[in-house]
Amino acid sequence: MYHDFNYEATLASSLRAQWQLDDVLKADQELDFSRNFMPESLARTAAVESLNPFEQRVLNQISAHQYLSTFGIIEEAILPFVLDHARPHLSGDDWRVRALVNFAGEEAKHIHLFKRYHNAFVRGFPVECQVIGPAEAIREEILRHDPLAVGLVILMIEWMTQQHYLGSIRDDNNLDPLFKDLMLQHWKEEAQHAKLDTLIVDALGEGRSEEQIDKAIDEFFEIGAFLDDGLKAQAGFNIDALEKAIGRKVEDREALLEHQHQAARWTYIGSGMVHERFKATLESLSPRAAERIAEAAPVFA
Ligand SMILES: [Fe+2]
Ligand SMILES: [Fe+2]
């Protein structure tokens with residue numbers, strides 16, 4: 001076996017890591033808009049030379065708004081996916097049932113948390129930041145695919161959030177402490193989700209022929225392309241919000257759009273595609289699947 005994850009141990013660490021919503025973000029808590037929210041390695045806003053430092057920070061905050069809005073939308077797809085996966089075997093392994101139901105409960109709490117964050121953002125930010133959607137339509141589009149393909153996308157995303165926190169957020173002292181703590185708390189619970197996703201994908205891949213796996217990887221790419229289109233549209237909305245907030249049009253909108261779209265590609269897709277744990281699951285599923293995804297990864301770097 002390429003990992004030692006199991007439902008009993010994962011549930012135990014999950015119950016130890018759990019937090020209450022009010023301990024992370026109270027309904028009336030305010031964000032500190034004098035600080036950056038997103039780490040530079042994900043937002044890539046300090047690299048935009050046509051913006052002054054104040055404008056770069058405004059774009060950084062818009063990028064953080066996108067981050068939590070996007071995860072809110074994705075988690076609205078994860079919640080029914082996990083429940084659907086748990087549902088056919090509710091009288092089976094008790095550890096499995098409890099671990100999956102707990103997973104779904106935590107994801108519902110995260111959706112709630114991200115909505116709270118969104119409300120705090122709206123209260124403190126001078127203009128409206130449009131977000132792609134509606135969330136229901138995005139969820140339906142993702143979930144209409146082969147569960148193995150959906151499971152792989154979710155696995156990739158949940159490992160990716162682990163890497164975002166450890167690799168970019170934890171040691172960045174320029175970030176708003178509240179936003180940082182929110183990401184820390186999310187990371188603590190997501191660590192168990194990624195393990196459970198691994199078990200889910202293992203189960204969904206069992207007994208599949210190479211041809212069936214290949215087909216699921218085709219669908220994985222379809223979902224990836226759909227998300228990528230959404231990221232491009234979102235990059236446009238982000239620039240609209242930036243222009244409104246700073247009261248001027250940006251120079252060379254096309255170049256900025258491409259730059260910010262590429263930053264989002266790395267944040268939401270590429271950084272997951274190259275995650276070692278995700279690659280290990282792919283290798284175990286099928287070396288050909290691992291190879292196909294590795295070949296596509298540089299586009300999202
Ligand atoms: Fe989450
Ligand atoms: Fe999660």
Side-chain angles (χ1 to χ4, degrees), residues 31 33-74 117-118 121 125-133 138 153 156-157 160-161 163-169 171-176 179-180 183 221 223-275 293-301:
L31 308 175
F33 284 91
S34 71
R35 306 288 289 263
N36 273 352
F37 296 163
M38 282 291 275
E40 175 60 17
S41 59
L42 301 180
R44 300 184 188 172
T45 46
V48 184
E49 287 173 5
S50 58
L51 300 178
N52 68 37
F54 168 76
E55 294 169 338
Q56 288 170 351
R57 192 172 68 225
V58 170
L59 187 57
N60 180 287
Q61 291 166 352
I62 294 169
S63 157
H65 178 262
Q66 169 181 0
Y67 191 81
L68 294 191
S69 303
T70 303
F71 278 104
I73 291 170
I74 288 167
Y117 166 81
H118 173 81
F121 191 94
F125 199 71
V127 302
E128 191 201 342
C129 297
Q130 197 178 340
V131 177
I132 53 168
I138 296 174
V153 169
M156 175 180 83
I157 288 172
M160 164 201 301
T161 63
Q163 182 53 31
H164 290 173
Y165 182 73
L166 293 177
S168 302
I169 298 169
D171 300 322
D172 189 333
N173 294 322
N174 288 320
L175 305 181
D176 170 31
F179 189 81
K180 218 171 141 170
M183 300 317 295
F221 283 123
I223 300 170
F226 169 70
L227 294 177
D228 188 39
D229 285 346
L231 294 177
K232 185 166 185 190
Q234 185 62 53
F237 289 153
N238 289 359
I239 296 174
D240 293 343
L242 171 70
E243 288 180 333
K244 268 192 275 170
I246 65 176
R248 69 171 179 92
K249 294 280 174 205
V250 297
E251 302 140 35
D252 205 353
R253 183 184 170 102
E254 271 317 301
L256 181 58
L257 182 78
E258 200 180 307
H259 176 265
Q260 286 294 291
H261 177 209
Q262 197 60 34
R265 280 179 149 177
W266 168 250
T267 301
Y268 301 97
I269 301 174
S271 56
M273 277 177 140
V274 300
H275 195 289
I293 291 177
E295 273 170 16
V299 175
F300 301 93

Can you tell me how far the [atom1] atom of [X] sits from the [atom2] atom of [Y], to the nearest 0.5 Å?
| X | Y | atom1 | atom2 | value |
| --- | --- | --- | --- | --- |
| F221 | I293 | CZ | CD1 | 5.0 Å |
| S34 | R57 | OG | CZ | 6.0 Å |
| N174 | M38 | CG | CE | 14.0 Å |
| H65 | L31 | NE2 | CG | 10.5 Å |
| I132 | K232 | CD1 | NZ | 14.0 Å |
| I62 | L242 | CD1 | CG | 5.0 Å |

Give me the one residue out of L51, L42, T45, L175 that meets side chain to side chain contact (heavy atoms under 4.5 Å, CB included) with N60. T45

With Y268 as reference, evaluate L227, I157, L231, D228 under the side chain to side chain contact (heavy atoms under 4.5 Å, CB included) test and give the passing residue. L231

Closest contact, heavy atoms only, [X] versus [Y]:
| X | Y | result |
| --- | --- | --- |
| A241 | V127 | O-CG2, 3.5 Å |
| A64 | F37 | CB-CB, 3.4 Å |
| I269 | G224 | CD1-O, 3.9 Å |
| S271 | V274 | O-CG2, 4.0 Å |
| Q66 | A264 | NE2-CB, 4.1 Å |
| A43 | A263 | O-CB, 3.9 Å |

Between Q56 (side chain only) and E49 (backbone N and O only), is there a donor and an acceptor less than 3.5 Å apart? no

Look only at the side chain of Q262 and the backbone of H259, and say whether a donor-acceptor pair between them is shorter than 3.5 Å. no

May I ask you to check whether F179 and Y117 place their ring centers less than 6.0 Å from one another? yes

Could you walk me through whether E258 and D252 pass side-chain contact (heavy atoms from CB on, under 4.5 Å), step by step? CA-CA 10 Å; E258 200 180 307; D252 205 353; over 6 Å; no

Aromatic plane relationship, Y67 with H164 - under 30° parallel, 30 to 60° tilted, over 60° perpendicular: tilted

Do V48 and E55 have side-chain heavy atoms sitting under 4.5 Å apart? no

Would you say the side chain of V131 lies within less than 4.5 Å of the side chain of I73, judging by non-hydrogen atoms? yes

Decide whether N238 and Q234 meet the rule of one side-chain donor and one side-chain acceptor closer than 3.5 Å. yes

Are L256 and E251 close enough, and set up right, to give a side-chain contact (heavy atoms from CB on, under 4.5 Å), and what steps lead you there? CA-CA 8 Å; L256 181 58; E251 302 140 35; over 6 Å; no

For F121 and S69, what are the C-alpha separation, side-chain angles and deciding distance, and is it a side-chain contact (heavy atoms from CB on, under 4.5 Å)? CA-CA 11 Å; F121 191 94; S69 303; over 6 Å; no

In sequence, state the C-alpha distance, the side-chain angles, and the governing distance for F300 and M273, and then conclude on side-chain contact (heavy atoms from CB on, under 4.5 Å). CA-CA 9 Å; F300 301 93; M273 277 177 140; 3.8 Å; yes

